[in-house]
J.: 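Provided herewith is a single structure, encoded as structure tokens, for subsequent inquiry.
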Amino acid sequence: MRRLPRLYPRLWRDRYGEEFADLLAGTPKTWHTAADVVLGALDAHQRNGGNRMRRLIPWTLLVLVAAVVGWLNYHTSDDVQPVAAGLLLGGFGFSFWRPRLAWLFVVVLWLAVPLSSVVADANNYHPGLTKPHPIYETLIALIPTALGAAAGVGARWVAGRARA
């Protein structure tokens, strides 16, 4: 718990470090406190650190969404709708955020499916009735990802036209 204030930016620590350390010393040492300090450090970096954290947080979120989609695909049986919904919503959200990078978001989200299938094959884990063909599964995963990204780009374009 003593090392958590080091997550804050240097300028912030120089100004508030001693006071914050005293406050942490009197606070119970729980996971909730640690999570609160980490989130506060992220917020301080975003406010004071500028562009680096503003770029890092969305990319970290993209990797987390891809990991969740991969986890859903790994544990799916014959019902792939949660995987398709995750790909569709992820493609939409990230492509709405940055339409020019839609192609990159499609690739990152789409790669979650074949990578989780590789892990499933390595573990010989196939909870469905039959083992799906990897090329078929991979190509089908591209459809909701691309549709979500196209809808996100289109919605961003419409929102931009409505403002103008």
J.: Answer yes if Val65 and Leu115 sit in the same cluster of Ile, Leu, Val, Met, Phe, Trp and Tyr residues linked by side chain heavy atoms under 4.5 Å apart, and no otherwise.
T.: no
J.: I need the Leu89 CG to Phe94 CZ distance, nearest 0.5 Å.
T.: 11.0 Å
J.: So which atom in Val69 and which in Ala112 form the shortest heavy-atom distance, rounded to 0.1 Å?
T.: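 That would be CG1-CB, 4.1 Å.
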J.: Say you draw a straight line from CG of Leu7 to CH2 of Trp12; how long is it, rounded to the nearest 0.5 Å?
T.: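 Result: 10.5 Å between the selected atoms.
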J.: With rounding to the nearest 0.5 angstrom, report the CZ to CZ distance, Arg13 to Arg15.
T.: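 Separation between the atoms: 15.5 Å.
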J.: Are Val37 and Leu23 in one and the same hydrophobic cluster, where Ile, Leu, Val, Met, Phe, Trp and Tyr link if side-chain heavy atoms are under 4.5 Å apart?
T.: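 In one cluster with Val37: Leu23, yes.
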J.: For the CH2 atom of Trp110 and the CD1 atom of Ile143, what is their distance to the nearest 0.5 Å?
T.: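 The CH2 atom of Trp110 sits 12.0 Å away from the CD1 atom of Ile143.
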J.: So does Val113 get a backbone contact from the side chain of Asn73, meaning a donor-acceptor N/O pair under 3.5 Å?
T.: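 At least one qualifying donor-acceptor pair exists.
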J.: Got a second to check how far Lys29's NZ is from Leu4's CG, nearest 0.5 Å?
T.: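 Lys29 atom NZ to Leu4 atom CG measures 10.5 Å (nearest 0.5 Å).
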J.: Just checking, Arg156 and Phe96: is the charged tip under 6.0 Å from the six-membered ring centre and within 45° of the axis?
T.: yes
J.: Please test Tyr8 against Tyr16 for side-chain contact (heavy atoms from CB on, under 4.5 Å), starting from the C-alpha separation and ending with a verdict.
T.: CA-CA 10 Å; Tyr8 282 83; Tyr16 305 110; over 6 Å; no
J.: Does any non-hydrogen side-chain atom of Thr145 lie less than 4.5 Å from one of Leu88?
T.: no
J.: To the closest 0.5 Å, what do you measure between OG1 (Thr27) and CZ (Phe20)?
T.: 8.0 Å
J.: Tell me, with the steps shown, if Val153 and Trp103 meet side-chain contact (heavy atoms from CB on, under 4.5 Å).
T.: CA-CA 10 Å; Val153 169; Trp103 65 272; over 6 Å; no
J.: Could you state whether Ile140 and Leu147 fall into the same hydrophobic cluster, counting links through intermediate Ile, Leu, Val, Met, Phe, Trp or Tyr residues with side-chain heavy atoms under 4.5 angstrom apart?
T.: yes
J.: Answer yes or no: is there a side-chain heavy-atom contact under 4.5 Å between Leu62 and Leu109?
T.: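 A side-chain contact under 4.5 Å exists here.
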J.: Honestly curious: do Trp97 and Val68 fall in one hydrophobic cluster under the side-chain, below-4.5 Å linking rule?
T.: yes
J.: Let me know which of Leu87, Val107, Val106 forms a side chain to side chain contact (heavy atoms under 4.5 Å, CB included) with Leu142.
T.: Val106
